[in-house]
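Down below is the structure, laid out as structure tokens.
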2 protein chains.
Amino acid sequence: MKKYDSLKLENQLCFPLYAAGKEIVRKYHPVLEKLNITYTQYITLLVLWEQDGLSVKELGKKLYLDSGTLTPLLKALETKGFVKRVRNSRDERLVEVFLTSEGRALREEALSVPLQVGQCVALSKDEAMQLYSLLYKLLGNLTNEGDNSE
Amino acid sequence: MKKYDSLKLENQLCFPLYAAGKEIVRKYHPVLEKLNITYTQYITLLVLWEQDGLSVKELGKKLYLDSGTLTPLLKALETKGFVKRVRNSRDERLVEVFLTSEGRALREEALSVPLQVGQCVALSKDEAMQLYSLLYKLLGNLTNEGDNSE
DNA sequence: TGCAATTAAATTGCGTACAATACGATTGTA
DNA sequence: TACAATCGTATTGTACGCAATTTAATTGCA
């Protein structure tokens with residue numbers, strides 16, 4: 001082990017994670033463009049399709065995004081007519097996000113998205129599952145106990 | 001398998017990849033801040049520390065970054081005094097990037113970076129290696145249909 | 001050879017994404 | 001009723017890719 005080995009690009013775990021994340025998101029662009037949404041908007045809709053009416057904060061927790069990112073994103077989705085943002089009348093600090101009928105209809109068109117992008121991922125089912133569980137394990141300890149401030 | 005199962009967030013491979021990539025890069029910020037560089041600048045320096053004098057294009061290939069991303073980044077590194085950008089005299093289309101003595105000196109300070117960030121990654125050595133090889137495999141077939149010449 | 005057409009590399013401009021910070025409004029509570 | 005906590009928004013700065021542009025090198029062809 002030489003002195004600078006830890007600084008070789010090939011010895012970084014973070015780098016392929018960073019690069020693969022970027023590259024795969026890029027694969028979504030041409031596909032999602034036809035639906036008139038971006039990748040971040042897409043994963044937001046994935047959550048809403050499962051559970052409508054979540055608050056900005058709840059969405060952020062599920063998507064690992066902060067409200068400063070979500071606010072403009074949700075406004076864009078509202079402008080496109082896919083969601084409505086409404087303040088909760090009981091607690092007016094909360095903004096809840098609801099799908100419109102257009103937003104619900106988009107779910108049908110989105111059905112083909114995973115197939116189209118999945119063709120770029122030439123991993124076996126086993127490998128994909130392994131990768132999936134390793135990523136969630138990593139994600140778990142990055143966001144729970146990973147505080148490295150001094 | 002229900003109709004919309006493929007659109008559940010939990011069934012996406014891309015999402016944990018995207019999220020983990022973002023989160024781990026975020027861990028670098030406070031550490032790299034002390035060196036006065038960003039994460040993208042850091043990985044660029046990692047490459048240059050191994051091999052000085054690469055062109056913008058060659059850097060882009062190694063880092064999976066577009067030249068439109070690298071140009072302002074390299075200018076920033078130049079402003080900070082870590083690199084010099086010089087046009088190749090034989091082929092004046094090429095801009096080659098060289099470390100300054102400050103840039104080389106920064107390598108010493110960077111030695112502690114992997115250690116500091118590595119503490120956030122609570123994977124076993126085996127798991128880390130598995131993740132590493134799966135990511136590179138994925139990265140390989142994500143970028144296949146682009147170009148692969150060296 | 002000599003010059004046009006093509007190819008290649010870097011830059012510029014634009015649009016989106018994301019985080020950090022400060023701020024304002026609301027709520028719960030001491 | 002004052003005050004701290006909570007939630008969303010506005011602002012700012014960096015990051016990133018794509019498309020169009022500029023400049024340089026190469027190729028095709030007469």
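In what follows, every heavy atom counts, from backbone to side chain, and hydrogens, waters and symmetry copies are set aside. Order of the sequence lines sets the chain letters (A, B, ...), proteins ahead of strands, with each chain counted from 1. Only a predicted model underlies this, so the values are computations on that prediction, with no experimental measurement involved.
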Worksheet entry | Test applied, side chain to side chain contact (heavy atoms under 4.5 Å, CB included); reference residue, B:Leu54; option that passes from B:Leu94, B:Val47, B:Thr44 | B:Val47

Worksheet item: A:Thr69 near the nucleic acid: base, sugar-phosphate alone, or nothing, with a heavy-atom cut-off under 4.0 Å?
Response: base

Fill in: Spacing of A:Arg26 atom CZ relative to C:dG15 atom P, expressed in whole Å
20 Å

Fill in: A:Glu23 and A:Arg26 ion-paired at < 4.0 Å
yes

Discussion item. Between P on C:dA8 and CG on B:Asn88, what's the gap in Å once rounded to a whole number?
Written reply: 17 Å

Practice prompt. Report the distance from atom CZ of B:Arg93 to atom P of D:dT27, rounded to the nearest whole Å.
Written response: 10 Å

Worksheet entry | Net bend of the helix from C:dT1-D:dA30 to C:dA30-D:dT1, end axes of five pairs each, nearest 10 degrees | 0°

Discussion item. Taking atom NZ as the centre, does A:Lys84 end up with more than 12 heavy-atom neighbours from other residues, nucleotides or ligands that are less than 6.0 angstrom away?
Written reply: no

Worksheet entry | Short side-chain N/O contact from B:Lys75 to OP1 or OP2 of C:dT12, under 4.0 Å | yes

Discussion item. Please determine whether a side-chain nitrogen or oxygen atom of A:Thr71 lies at a distance below 4.0 Å from atom OP1 or OP2 of D:dT9.
Written reply: yes

Worksheet item: Within the structure, does a side-chain N or O atom of B:Arg85 lie under 4.0 Å from either OP1 or OP2 of C:dA9?
Response: no

Practice prompt. Figure out the CG/C1' separation between A:Leu70 and D:dA10, and round it to whole Å.
Written response: 15 Å

Worksheet item: Under 4.0 angstrom, heavy atoms only, what part of the nucleic acid is A:Ser67 near: base, sugar-phosphate, or nothing?
Response: base

Fill in: N/O (side chain, A:Ser55) to phosphate O (OP1/OP2, D:dC7) under 4.0 Å
no

Worksheet item: Salt-bridged, B:Glu50 to B:Arg107, with N to O below 4.0 Å?
Response: no

Item to complete: Map B:Ser89 and B:Ile37 onto DNA chain D by nearest heavy atom, then report which one ends up closer to the 5' terminus.
Response: B:Ile37

Fill in: Joint cluster assignment, B:Leu131 & A:Met129, ILVMFWY side-chain distance < 4.5 Å
no

Worksheet item: Are B:Tyr18 and C:dC18 close enough that a side-chain N or O sits under 4.0 Å from OP1 or OP2?
Response: yes

Worksheet item: Can a side chain N or O of A:Lys22 be found less than 4.0 Å away from OP1 or OP2 on D:dG17?
Response: yes

Worksheet, complete the sentence: When A:Thr38 and A:Glu92 are each assigned the nearest nucleotide of DNA chain C, the 5'-most assignment goes to A:Thr38

Worksheet item: Does a side-chain N or O from A:Tyr39 land closer than 4.0 Å to OP1 or OP2 of D:dG17, or not?
Response: no

Worksheet entry | Ring geometry between B:Tyr28 and B:Tyr42 (parallel below 30°, tilted from 30 to 60°, perpendicular above 60°) | tilted

Practice prompt. Anything under 30° is parallel, anything over 60° is perpendicular, the rest tilted; go ahead and classify A:Tyr18 against B:Tyr39.
Written response: perpendicular

Item to complete: Return the value, rounded to whole Å, for the distance between atom CG of A:Leu73 and atom C1' of C:dC18.
Response: 10 Å

Practice prompt. In plain terms, say whether A:Lys3 and B:Glu108 are close enough for a salt bridge, that is, a side-chain N and a carboxylate O under 4.0 Å apart.
Written response: yes

Worksheet item: What does B:Asp66 touch in the nucleic acid at a heavy-atom separation under 4.0 angstrom: a base, only the sugar-phosphate, or nothing?
Response: base

Practice prompt. Return no unless some side-chain N or O of B:Arg87 is found under 4.0 Å from OP1 or OP2 of D:dA25.
Written response: no

